Amino acid sequence: MNWKKYYDEKISTPEQAIKDIHDGDCVVMGHAAAAPRIIQRAMAEHCEDYNDVMIFHMTTLGDNECLHPRCYGHFRHVSNFLAANSREAVNHLAGDFFPAYFKDVPEMIGDEIPCEIAAFQATPPNDEGYCSLGVSCDYALAAIRRARSVIIETNDRMPFVYGNTMIHVSQIDRIIPCSYQLPELHSAKPSEVEAAIGHFCSTLVSDGSTLQLGIGAIPNAVLNSLGEKNDLGIHSEMFSDGVADLMKKGVVNGRRKTIHKGKVVATFIMGTKELYEFVDGNEDIELYPVDYTNNPFVIAQNYRMISINSCLEVDLMGQVASESIGMRQYSGIGGQIDFVRGASIAREGKSILAMPSTAANGAISRIKPFLTPGSAVSTTRNDVNYIVTEYGIARLKGRTLKHRAEDLIRIAHPDFRPTLIEEYERRFRCKFEN
């Protein structure tokens with residue numbers, strides 16, 4: 001086929017493209033830094049033309065105008081992972097949270113998650129007519145295969161990323177050529193508490209390990225603490241600036257990886273402009289759909305697989321809440337349990353859940369006798385392996401309830417240990433020995 005002729009015929013304005021959306025449709029939108037901002041803006045500007053349009057999305061960086069209050073009632077947001085710009089819509093019942101493991105989202109698209117419209121970003125086509133999905137692969141291919149209409153912003157500032165990220169122009173129904181800088185996620189310098197947590201986590205990382213790191217200050221602090229390690233690999237759902245820094249230093253080289261040797265493997269990339277420039281055309285980095293990267297049986301093939309994720313609170317049995325605070329949905333499960341389980345069955349694998357010992361400026365202990373009522377249990381007590389705070393490491397795997405409680409109390413903030421000890425002595429009818 002003459003793909004260039006096809007490409008030219010499919011070029012649309014944003015206003016033309018969104019005419020493919022009808023009342024009652026579901027629009028599946030791109031994720032993280034690859035969310036289609038021009039399409040979002042056009043939909044928001046014409047929101048009064050729509051009724052009961054469902055938008056499925058996960059984290060979006062920057063200002064997603066479809067989430068503005070004036071769009072309530074026209075768009076209904078369904079999200080598998082909430083962020084600061086989407087919590088408000090869900091709290092106002094203009095949307096709802098969709099509990100699911102990240103790895104299962106592609107399989108659900110077209111069934112549990114309807115998909116009449118797929119709206120994503122990609123690079124302009126190469127000489128063969130293929131566009132790279134750039135910095136976010138995750139569930140895009142599944143949506144593109146199943147949608148009635150595929151709308152793509154071909155952004156000439158989207159990095160070209162290797163792996164299973166290619167779509168051909170013949171798969172696209174509406175093309176919106178554009179040029180804009182991807183939204184950035186800047187990491188703050190770790191606090192003393194976060195730096196201490198990062199140090200403790202780093203002591204559990206051996207040379208030659210393959211790492212998965214979640215999002216946030218603590219995973220970044222861990223990366224900052226790994227500079228003296230050797231031959232680390234990455235098999236993760238997310239790739240951040242900290243990983244790029246370790247690649248530049250030669251610490252991350254994938255030399256000892258079991259699968260995808262020498263390659264950094266992830267499903268999306270989120271960070272600064274410098275990161276996007278680093279990954280552009282970099283053959284050492286490959287993105288794959290999330291049902292591959294987050295499949296525990298794929299993860300487990302990595303020797304010395306180590307997953308490091310954040311959590312919100314832990315009870316004395318070792319139950320972990322990572323996504324909700326009581327009944328208030330805060331974020332989502334993402335790939336936490338996928339990697340916890342994958343690491344647990346990998347040869348010499350470890351899973352680590354890390355958090356500061358307190359919240360609310362020291363007013364609340366994150367280690368509690370019981371989880372906050374209504375909190376979802378993200379990682380069960382049977383799955384949890386290591387818990388880390390700024391006060392140390394508690395290894396819960398293979399420990400009784402009594403011993404788990406003792407180890408967790410020892411890494412709790414000193415101000416809250418008396419209350420936890422009181423509960424321990426009531427529960428186990430014995431004195432706590434420090």
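Worth saying up front: this structure is predicted, and the values here are computed from it rather than measured. We number each residue from 1, following the sequence as shown.
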Notebook entry, point to check: Does any N or O in the side chain of Asp280 come within less than 3.5 Å of the main-chain N or O of Phe160, such that one atom is a donor and the other an acceptor?
Noted result: yes

Next item on the list: Would you mind telling me which of Ile285, Leu213, Val135 makes a side-chain contact (heavy atoms from CB on, under 4.5 Å) with Phe239?
Entry: Ile285

Next item on the list: Kindly check if the number of other-residue, nucleotide or ligand heavy atoms within 6.0 Å of CZ (Arg255) is above 12?
Entry: no

Margin query: Can you give me the closest heavy-atom contact between Val28 and Ala143, atom names plus distance?
Written below: CG1-CB, 3.9 Å

Would you tabulate the side-chain donor-acceptor contacts of residues 330-337 under 3.5 Å, counting partners in other chains and residues two or more places apart, or write 'none'?
| residue | atom | partner | partner atom | Å |
| --- | --- | --- | --- | --- |
| Gln336 | OE1 | Ser322 | OG | 2.9 |
| Gln336 | OE1 | Thr379 | OG1 | 2.8 |
| Gln336 | NE2 | Ser310 | O | 3.1 |
| Gln336 | NE2 | Ser322 | OG | 3.2 |

Check: In this structure, are over 12 heavy atoms from other groups packed under 6.0 Å from Glu48 atom CD?
Finding: no

Notebook entry, point to check: Do the ring centers of His31 and Phe81 come within less than 6.0 Å of each other?
Noted result: no

Item checked: Lys273 vs Glu184, salt bridge (charged side-chain N to carboxylate O under 4.0 Å, His left out): CA-CA, chis, key distance, verdict -> CA-CA 6 Å; Lys273 180 182 177 183; Glu184 298 181 76; over 6 Å; no

Margin query: As an exercise, state the distance from CD1 of Ile38 to CD of Gln40, rounded to the nearest 0.5 Å.
Written below: 10.5 Å

Check: Are the side chain of Asp338 and the backbone N or O of Pro296 linked by a donor-acceptor pair below 3.5 Å?
Finding: no

Next item on the list: Decide yes or no for Pro356 and Ile197: does some side-chain heavy atom of the first lie under 4.5 Å from some side-chain heavy atom of the second?
Entry: yes

Margin query: Tell me whether the count of non-hydrogen atoms from other residues, nucleotides or ligands lying under 6.0 Å of OH in Tyr72 goes above 12.
Written below: yes

Notebook entry, point to check: Is the backbone of Val150 close enough, under 3.5 Å, to the side chain of Asp173 for a donor and an acceptor to pair up by distance?
Noted result: yes

Check: Hey, does Gln329 have a side-chain heavy atom less than 4.5 Å from the side chain of Glu323?
Finding: yes

Next item on the list: Answer yes or no: does atom CG of Asp127 have more than 12 heavy-atom neighbours from other residues, nucleotides or ligands under 6.0 Å?
Entry: no

Margin query: Would the distance check show the side chain of His74 and the main-chain N or O of Tyr50 forming a donor-acceptor pair, the cut-off being under 3.5 Å?
Written below: yes

Check: Between the main-chain N or O of Ala94 and the side-chain N or O of His92, is there a donor-acceptor pair closer than 3.5 Å?
Finding: no

Notebook entry, point to check: Parallel under 30°, tilted from 30 to 60°, perpendicular over 60°: which one fits the rings of Tyr292 and Tyr288?
Noted result: tilted

Next item on the list: To the nearest 0.5 Å, tell me how far Glu390 CD sits from Ile411 CD1.
Entry: 9.0 Å

Checklist line | Over 12 foreign heavy atoms within 6.0 Å of NZ, Lys189 | finding: no

Margin query: Rounded at 0.5 Å granularity, tell me how far CD1 in Ile387 sits from CZ in Arg366.
Written below: 12.0 Å

Note to self: Take a 6.0 Å sphere around CD of Glu192 and say whether it holds more than 12 heavy atoms from other residues, nucleotides or ligands.
What the structure shows: no

Next item on the list: Find the distance between CD1 (Ile269) and CG (Leu287) and round it off to the nearest 0.5 Å.
Entry: 4.5 Å

Note to self: Whether the side chain of Asp138 engages the backbone of Phe268 through a donor-acceptor N/O pair (distance < 3.5 Å, no angle test) should be reported.
What the structure shows: no

Note to self: Is the shortest side-chain heavy-atom distance between Pro219 and Val222 below 4.5 Å?
What the structure shows: no

Notebook entry, point to check: Heavy-atom distance under 4.5 Å between the side chains of Asn80 and Phe56, does that happen here?
Noted result: yes

Run the side-chain donor-acceptor check on residues 112-124: report pairs under 3.5 Å with partners two or more places apart or on a different chain.
| residue | atom | partner | partner atom | Å |
| --- | --- | --- | --- | --- |
| Glu116 | OE1 | Cys26 | N | 2.6 |
| Gln121 | OE1 | Asn155 | ND2 | 3.0 |
| Gln121 | NE2 | Ala35 | O | 3.0 |
| Gln121 | NE2 | Tyr180 | OH | 3.0 |
| Thr123 | OG1 | Ser132 | N | 2.9 |

Check: Which residues pass the side chain to side chain donor-acceptor pair (under 3.5 Å) test with Asn220, sequence neighbours left out?
Finding: Ser187

Item checked: Exceeds 12 heavy-atom contacts within 6.0 angstrom, atom CZ of Arg381 -> no

Next item on the list: Check the pair Leu408, Leu396 against side chain to side chain contact (heavy atoms under 4.5 Å, CB included), reporting the backbone distance first and the verdict last.
Entry: CA-CA 9 Å; Leu408 286 167; Leu396 304 191; 4.1 Å; yes

Note to self: Thr154 vs Tyr7, test: side chain to side chain contact (heavy atoms under 4.5 Å, CB included). Steps then yes/no.
What the structure shows: CA-CA 11 Å; Thr154 51; Tyr7 182 89; 3.1 Å; yes

Notebook entry, point to check: Which distance, rounded to the nearest 0.5 Å, do you find between the CG of Leu312 and the OG of Ser378?
Noted result: 7.5 Å

Next item on the list: Look at atom CD of Glu9 and say whether more than 12 heavy atoms of other residues, nucleotides or ligands are closer to it than 6.0 Å.
Entry: yes

Note to self: Minimum heavy-atom separation for Ile345 and Ala300, please, with both atom names.
What the structure shows: CG1-CB, 3.4 Å

Margin query: Between Ser170 and His168, do the side chains contain a donor N or O and an acceptor N or O under 3.5 Å apart?
Written below: yes

Check: Where do Lys263 and Glu286 come nearest, in terms of heavy atoms and distance?
Finding: CE-OE2, 3.6 Å

Next item on the list: Without swapping roles, check the side chain of Arg404 against the backbone of Met317 for a donor-acceptor pair under 3.5 Å.
Entry: yes

Checklist line | Residue from Ile308, Asn385, Ile306, Ile393 passing side-chain contact (heavy atoms from CB on, under 4.5 Å) with Leu204 | finding: Ile393

Next item on the list: Of all the heavy-atom pairs spanning Ser202 and Lys229, show the shortest one and how long it is.
Entry: O-NZ, 3.2 Å

Note to self: Looking only at the aromatic ring of each residue, does the gap between the centers of His57 and Phe75 stay below 6.0 angstrom?
What the structure shows: no

Check: Is it true that Glu15 and Lys19 have a side-chain N and a carboxylate O under 4.0 angstrom from each other?
Finding: no

Checklist line | Minimal non-hydrogen separation, Gly254 against Lys261, with atom names | finding: O-CG, 3.6 Å

Next item on the list: Compare every heavy atom of Met158 with every heavy atom of Ala34, then report the nearest pair and how far apart it is.
Entry: CB-CE, 4.0 Å

Check: Taking atom CG of Asn295 and atom CG of Asp104, what is their separation to the nearest 0.5 Å?
Finding: 9.5 Å

Check: So, the side chain of Gln301 versus the backbone of Phe297: is there a donor-acceptor pair under 3.5 Å, distance only?
Finding: yes

Checklist line | Side chain Arg174, main chain Ile18, donor-acceptor under 3.5 Å | finding: no

Checklist line | Note, Cys131 side chain near Val169 side chain (heavy atom, < 4.5 Å) | finding: yes

Check: Passes side chain to side chain contact (heavy atoms under 4.5 Å, CB included), Met355 versus Cys311? Steps please.
Finding: CA-CA 6 Å; Met355 63 181 183; Cys311 54; 3.7 Å; yes

Checklist line | Among Ile39, Ile176, Ile167, side-chain contact (heavy atoms from CB on, under 4.5 Å) partner for Ile152 | finding: Ile167

Next item on the list: Tell me, with the steps shown, if Ile144 and Leu133 meet side chain to side chain contact (heavy atoms under 4.5 Å, CB included).
Entry: CA-CA 11 Å; Ile144 289 166; Leu133 289 163; 4.1 Å; yes

Notebook entry, point to check: Do any N or O atoms from the side chain of Tyr6 and from the backbone of Ile172 form a donor-acceptor pair under 3.5 angstrom?
Noted result: yes

